[in-house]
Protein chains: 4
Amino acid sequence: MISKEHNILFAAEKLFSEKGFEKTSTREISREANVNISMISYYFGSKENLLVSLFDMRMAESQSFLDEILIRQDINEWQKISLIIDRYTSRVRELKVFYNILQTEQLTNKNEQIIKYLKNSKLGYLKVYEDLAKQGFENKIFKLRPNIALLHATLIGTMFYAMNGLPMYKEYYKKTASDTTFDDNYYAELNIHIKQVLKNLLGYEEN
Amino acid sequence: MISKEHNILFAAEKLFSEKGFEKTSTREISREANVNISMISYYFGSKENLLVSLFDMRMAESQSFLDEILIRQDINEWQKISLIIDRYTSRVRELKVFYNILQTEQLTNKNEQIIKYLKNSKLGYLKVYEDLAKQGFENKIFKLRPNIALLHATLIGTMFYAMNGLPMYKEYYKKTASDTTFDDNYYAELNIHIKQVLKNLLGYEEN
Amino acid sequence: MISKEHNILFAAEKLFSEKGFEKTSTREISREANVNISMISYYFGSKENLLVSLFDMRMAESQSFLDEILIRQDINEWQKISLIIDRYTSRVRELKVFYNILQTEQLTNKNEQIIKYLKNSKLGYLKVYEDLAKQGFENKIFKLRPNIALLHATLIGTMFYAMNGLPMYKEYYKKTASDTTFDDNYYAELNIHIKQVLKNLLGYEEN
Amino acid sequence: MISKEHNILFAAEKLFSEKGFEKTSTREISREANVNISMISYYFGSKENLLVSLFDMRMAESQSFLDEILIRQDINEWQKISLIIDRYTSRVRELKVFYNILQTEQLTNKNEQIIKYLKNSKLGYLKVYEDLAKQGFENKIFKLRPNIALLHATLIGTMFYAMNGLPMYKEYYKKTASDTTFDDNYYAELNIHIKQVLKNLLGYEEN
DNA sequence: CATGAATGAGGGTTCATTCAT
DNA sequence: GATGAATGAACCCTCATTCAT
């Protein structure tokens, strides 16, 4: 049996994503999670802190996967970048709901803890790209040395914007929301697209 | 003297951008706009409709500029795309406050009217890119025929993500918030970056 | 027609006296005052501030009466003290409900504004007694120079304790709560008693 | 090791005195007493009953001391009254915290048990004073037969009002809260003052 | 046409207490 | 006997909106 604490967390994630943090009431969360309303304060202290706890959980999950890739000796810099994109794409797709919240918070939230998470996450990625781009350039794999901040903006921006646009896209092509084959193709194309853009920016040419 | 109606509209735009739609109360708007609180319902019917009115105003402003560019006969397809990017970049920078709201609404809002605006806007751009890409390809200016939806995602996604990231970026480089020279350079670099990415995607080569 | 603002104030005074500030809910006040619950925040900002507003009103009322007595030239120091006791006794009896709140707040409240009121009120009385005692002594009306703080403690303490004890006293003598003749006698005796105690302390002898 | 039951009782006494009964939550009490929150209901049944238990303890302590004085044959009526004042003053000072609660409850509480305690206590004192005043008058020690209820009001009222006023008094004279020498003098003066007032009321003259 | 007093619903949170373990 | 997770009621307050003037 899943604990009440987790029920609340998942119910909140769902509702925050659907309606936004402010529009979601603690009463709705408690209803969705099938717990008494006062359990939210009991476990998390406040609605605000429930959001932070959600970030705690999700950000902790994604903590390690960068390092795992970086330490590998069996693949070159481009393969590492390629792997990061693969992992990030699938993670974003899998946790669409959470990343929707993350984007909203990035735009409006003033919560210190969350800002810290977002900042650390971003700086972590920038550092990784910086190192890989530099090494790849030194190893003659990459011919160009692009602005890393803008490269990152393009990578993340494309992914998020494409993800957000999918429902409208499906509606436009009259696909049902549950058509996962369409989604599979869409994300596959997106993945290839992003890699192509990055290849161009880094001056990487497949042999 | 600017009308009370406009005062409310501009006050709302500012506050919605700073705090989000939900967190902004009609009381605050009325205070910021120096009008009585009931004026909001009086002029706009509801807080919800005030947001729609804001979109009415801003979207109407940006309606025409695409057409102006498209009908020009003196420039080629790349130059047209280049011009669109220039205009859009400067508009987004100028109306940062509004586009912050737009992004948030894109993520959470269920307001039909606003969804319609966003959809129309997006489809309009897609149509334009589609036509320009096709013509450019036929005219041998572009060598490639990329997925337009993803090209647009990259264009808009990069621009928004880069725009949102600017404050953090400035903080990182210990620049003051009012340092507009830094901003000028940043947006200039962004502009070049986006154009480079599009050149690559379209297979455009400067002679 | 009495204003809603005043209705709330009087309802609050009654309930705070009967049940204490904490035990009185804003719902009860609104019910007693026949106004919507949100009017309390509307007019007074908060429940806390409603209490302060009550003190504002009552303390403002009692501001002046000391001065009126002091400036009189037609009566001597003892007569002035005697008059102060008369006025204060009748005021405390009349505003029994408010002075009940005042005593409670004196014991527990941490509200700055109220503490300030109580302090100022007390210091005002001490100053008056000090001056009258000194002048009366110089004018050979009083033979003794007692500790003024303790004299005040006896005066106020006796009055409040006697006032608080009246219901139990009446119950003990099997009087109905509405028997005002009993009250009249009680307060008359109390008045004489207090004056006698003060005469003794000041060394005043009626000729 | 002191029992958890006592820990709760003492923690409650402290907090009730500082913040009032209503403003003190069971959570705070449990935290202060270092016990689980449910222990309060477990041991005392309810928060209300915890207060009653506190009165049980403190009132039981003060039960006997009156009798001890009364049965003494070696001292006269005035000396007995004098002794009662001494004992009561030192007890009130020692249990300042409890007597603060007692005063507050006297003003607001509707708890039957507590009302009974207060009534019994008061009637006990009145009976004692009545007897001593009568005997002393018959024995020609006292020349006057004052209203005993008002005499008691003056005695208790002065003591409580003076006690409550001490912190403000010290602040006024810029003494630190921990200056016990000041307190010693203050209570000594208070003791003498009360005795003087009673001497006057009873018509007692030291030989 | 414009106002501001007034509304009722709902917000997040805290409360004393209970009950399965 | 002792625990702490869990409860539901009630708390004060703010909200967007209305309506008599």
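In this text, all values refer to a predicted model and were calculated from it rather than measured experimentally.
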Over how many whole Å does the gap from [X] atom [atom1] to [N] atom [atom2] extend?
X       : N      : atom1 : atom2 : answer
D:Phe44 : F:dG1  : CZ    : P     : 15 Å
D:Glu5  : F:dT3  : CD    : P     : 13 Å
D:Arg31 : F:dG4  : CZ    : C1'   : 15 Å
C:Asn34 : E:dT7  : CG    : C1'   : 15 Å
D:Ile8  : F:dA2  : CD1   : C1'   : 11 Å
D:Asn49 : E:dA16 : CG    : P     : 15 Å
B:Ile29 : F:dT14 : CD1   : C1'   : 15 Å
C:Lys4  : E:dA5  : NZ    : P     : 12 Å

Set of residues satisfying side chain to side chain contact (heavy atoms under 4.5 Å, CB included) with respect to [X], sequence neighbours excluded:
X        : answer
B:Lys96  : B:Met163, B:Tyr187
B:Asn36  : B:Ser38, B:Met39
C:Lys116 : C:Gln113, C:Asn120
B:Lys19  : B:Leu15, B:Lys23, B:Thr24, B:Glu28

Problem - salt bridge (Lys or Arg N to Asp or Glu O under 4.0 Å) pairs, two or more places apart, involving residues 29-51 of chain A - result: A:Lys14-A:Glu32

Exercise for the section: Would you please name every residue forming a side-chain hydrogen bond (donor to acceptor under 3.5 Å, both in side chains) with D:Glu171, sequence neighbours left out? Expected result: C:Lys119

Exercise for the section: Would you mind classifying the nucleic acid contact of D:Tyr43 as base, sugar-phosphate or nothing, using non-hydrogen atoms under 4.0 angstrom? Expected result: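 Here D:Tyr43 touches the backbone only, sparing every base.
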
Handout entry: Consecutive Watson-Crick or G-U pairs in runs of at least 3, all under 3.5 Å, in which DNA chain E is involved
Key = E:2-21 with F:2-21

Handout entry: Residue pair A:Glu22 / A:Thr108, side-chain heavy-atom distance below 4.5 Å
Key = no

Handout entry: Residue pair A:Leu102 / A:Leu95, side-chain heavy-atom distance below 4.5 Å
Key = no

Write out a two-atom table: protein N or O, nucleotide N or O from nucleotides 15-19 of chain F, distance below 3.5 Å.
{"unit_1": "F:dA16", "atom_1": "OP1", "unit_2": "B:Thr24", "atom_2": "O", "d": "3.4"}
{"unit_1": "F:dA16", "atom_1": "OP1", "unit_2": "B:Thr26", "atom_2": "N", "d": "3.4"}
{"unit_1": "F:dA16", "atom_1": "OP1", "unit_2": "B:Lys47", "atom_2": "NZ", "d": "3.0"}
{"unit_1": "F:dA16", "atom_1": "OP2", "unit_2": "B:Thr26", "atom_2": "N", "d": "2.9"}
{"unit_1": "F:dA16", "atom_1": "OP2", "unit_2": "B:Thr26", "atom_2": "OG1", "d": "2.9"}
{"unit_1": "F:dA16", "atom_1": "N7", "unit_2": "B:Arg27", "atom_2": "NH1", "d": "3.3"}
{"unit_1": "F:dA16", "atom_1": "N6", "unit_2": "B:Arg27", "atom_2": "NH2", "d": "3.2"}
{"unit_1": "F:dT17", "atom_1": "OP2", "unit_2": "B:Lys47", "atom_2": "N", "d": "2.8"}

Output side-chain donor-acceptor pairs under 3.5 Å for residues 50-61 of chain D, partner residues at least two apart or in another chain, one line each.
{"unit_1": "D:Ser53", "atom_1": "OG", "unit_2": "D:Asn49", "atom_2": "O", "d": "2.9"}
{"unit_1": "D:Asp56", "atom_1": "OD1", "unit_2": "D:Tyr117", "atom_2": "OH", "d": "2.1"}
{"unit_1": "D:Arg58", "atom_1": "NE", "unit_2": "D:Glu13", "atom_2": "OE2", "d": "2.8"}
{"unit_1": "D:Arg58", "atom_1": "NH1", "unit_2": "D:Glu61", "atom_2": "OE1", "d": "3.3"}
{"unit_1": "D:Arg58", "atom_1": "NH1", "unit_2": "D:Glu61", "atom_2": "OE2", "d": "3.1"}
{"unit_1": "D:Arg58", "atom_1": "NH2", "unit_2": "D:Glu13", "atom_2": "OE1", "d": "2.8"}
{"unit_1": "D:Arg58", "atom_1": "NH2", "unit_2": "D:Glu13", "atom_2": "OE2", "d": "3.4"}

